[in-house]
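This report refers to the structure that appears directly beneath it.
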Amino acid sequence: MASLSTDEAMRRAIALAARGLGTTSPNPVVGCVLLDAEGTLVGEGFHAYAGGPHAEIVALAQAGERARGGTAVVTLEPCNHTGRTGPCTQALISAGIARVVVGVPDPNPIARGGAETLRAAGVEVRTGVREQEAEAGNIAWLTSTRRGWPYVVWKYAATLDGRSAAADGTSMWITSEASRIDVHKLRGSVDAVMVGVGTVLADDARLTARNLRDGTLAIRQPLRVVVDSHGRTPADAKVRDGAARTWIATVADVGAAPDGRVDLRALLLALFERGIRSVLLEGGPRLAGAFLAAGLVDRVVGYVAPKVLGAGPAALADAGVSTMAEVIELEFVDVTRVGPDLRFTAVPRKREG
Ligand SMILES: NC(=O)c1ccc[n+]([C@@H]2O[C@H](COP(=O)([O-])OP(=O)(O)OC[C@H]3O[C@@H](n4cnc5c(N)ncnc54)[C@H](OP(=O)(O)O)[C@@H]3O)[C@@H](O)[C@H]2O)c1
């Protein structure tokens with residue numbers, strides 16, 4: 001095999017890490033590429049599930065003796081502690097790795113310090129290689145670990161004029177099958193999907209991640225969370241079927257905000273305690289408005305169909321904005337055509353001061 005530069009190896013490691021999205025929580029996604037002293041790829045791996053081997057261990061097992069004197073290119077600083085598996089730093093040192101190239105430093109107070117341990121053992125360590133891409137690939141875990149509550153993605157579907165249903169309440173299907181397939185992929189990449197009880201009462205959606213063509217369920221299902229202050233979710237609601245775990249989060253469970261509804265910050269902290277690092281907020285308009293008003297949305301993914309309704313409910317209800325000075329500003333980070341629709345991805349602009 002041709003030799004790789006450390007930059008090429010890091011790009012490959014970032015792509016490998018992405019294969020673990022949706023299955024590693026509460027652990028990060030991590031990819032690792034091992035090069036021998038000549039720069040030839042001799043091993044690679046990714047962290048596939050919590051409790052399973054770390055990316056470095058998978059790659060070292062592949063490389064065997066060929067790792068000696070080589071370079072480990074890892075998206076996240078190798079861990080320094082013994083959890084369900086041993087510390088990766090020790091495994092790299094024992095394998096005789098001469099150089100470690102890191103994308104992003106580990107912010108986890110329990111596991112960090114890997115770079116220092118490696119240096120103390122005489123291993124050359126270089127950090128910050130393709131750091132922005134490595135960070136973007138692991139954004140939910142990194143953000144939630146740094147601040148202590150999950151990363152929240154608000155997803156909605158709307159017509160070109162921003163409506164989520166017609167005036168008579170019919171809403172099937174605003175966006176195309178291609179967009180709905182895309183949403184199911186998104187569900188498969190997060191730890192929890194969340195709706196307000198209003199959406200359960202109106203749509204009775206199953207909220208599972210599945211193959212839309214044949215209906216088969218994805219092997220791993222995100223936790224379904226219904227935000228339901230006073231337990232109005234019907235006993236026969238589809239979210240209560242056994243297809244995935246479900247939490248009907250009430251005021252009695254997490255506490256009330258001053259308006260008597262579920263306290264959203266307390267809800268996110270409770271989810272973090274349960275090992276949830278990413279949440280796909282699927283609406284509806286009122287719950288999404290409350291999350292945006294509270295500054296609790298990290299990313300917006302909007303599927304917009306080339307259709308207009310001219311009347312009917314908007315995709316978003318009150319988000320605490322009554323005048324232009326209070327507008328919630330976002331920045332587009334991606335615009336992609338999905339079938340006949342457009343998928344917009346935007347992140348809130350940091351507020352000054
Ligand atoms: N286009 C889309 O992407 C999309 C997505 C989802 C839904 N929808 C549509 O949205 C419609 C339902 O709208 P909706 O606004 O009633 O649904 P919703 O946002 O899912 O549910 C709102 C309800 O959530 C509960 N809730 C609990 N804590 C809350 C808090 N802190 N802040 C706000 N709400 C809280 C409230 O009921 P309690 O006070 O009883 O707890 C509230 O009435 C349906 O027609 C559905 O089809 C559209």
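Start at 1 and go down the list; that is how both ligands and their atoms are numbered.
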Tell me, which protein residue and heavy-atom name are nearest [atom], and how many Å apart are they?
atom                    : value
atom 23 (C) of ligand 1 : Gly198 N, 3.8 Å
atom 19 (O) of ligand 1 : Leu287 N, 2.8 Å
atom 45 (O) of ligand 1 : Ala202 CB, 3.7 Å
atom 3 (O) of ligand 1  : Ala157 N, 2.9 Å
atom 6 (C) of ligand 1  : Glu282 O, 3.0 Å
atom 25 (C) of ligand 1 : Val227 O, 3.6 Å
atom 27 (C) of ligand 1 : Ser229 OG, 3.3 Å
atom 48 (C) of ligand 1 : Ser164 CB, 4.0 Å

Looking at [Y] and [X], is there a salt bridge between them, counting it only when a charged N and a carboxylate O are closer than 4.0 Å?
X      : Y      : value
Glu177 : Arg180 : no
Asp241 : Arg224 : yes
Lys238 : Asp203 : no
Glu8   : Arg11  : no

Under 3.5 Å, is there a donor-acceptor pair between the [X] and [Y] side chains?
X      : Y      : answer
Thr208 : Arg206 : no
Ser322 : Glu326 : yes
Asn80  : Thr117 : yes
Asn27  : His47  : yes
Tyr151 : Arg277 : no
Thr216 : Asp214 : yes
Asp191 : Ser25  : yes
Thr250 : Asp228 : no

Any N or O of [X] that comes nearer than 3.5 Å to an N or O of ligand 1?
X      : value
Lys155 : no
Asp259 : no
Val195 : no
Ala315 : no

* Check each heavy atom of Leu201 against ligand 1 and say whether those closer than 4.0 Å belong to the side chain, the backbone, both or neither. =>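 Neither part.
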* Asked: Is it the side chain (CB and beyond), the backbone, both or neither of Arg232 that lies under 4.0 Å from ligand 1, heavy atoms counted?
  ->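 Looking at Arg232 and ligand 1, just side chain atoms fall under 4.0 Å.
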Numbering the atoms of ligand 1 from 1, which are under 4.0 Å from a heavy atom of [X]?
X      : answer
Asp228 : 41 (O)
Leu264 : 31 (N)
Tyr156 : 3 (O)

* To do: Verify whether the ring centers belonging to Tyr303 and Tyr156 lie closer than 6.0 Å.
  =>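 Judged by ring-centre distance (under 6.0 Å), Tyr303 and Tyr156 do not meet the cut-off.
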Ignoring hydrogens, just give me the one of [options] whose non-hydrogen atom is nearest [atom].
atom                    : options                        : value
atom 22 (C) of ligand 1 : Arg163, Met172, Arg286, Arg261 : Arg286
atom 46 (C) of ligand 1 : Val254, Asp263, Asp203         : Asp203
atom 33 (C) of ligand 1 : Gly289, Ala290, Ala158, Gly284 : Ala290
atom 8 (N) of ligand 1  : Gly283, Ala288, Ala165, Pro285 : Pro285

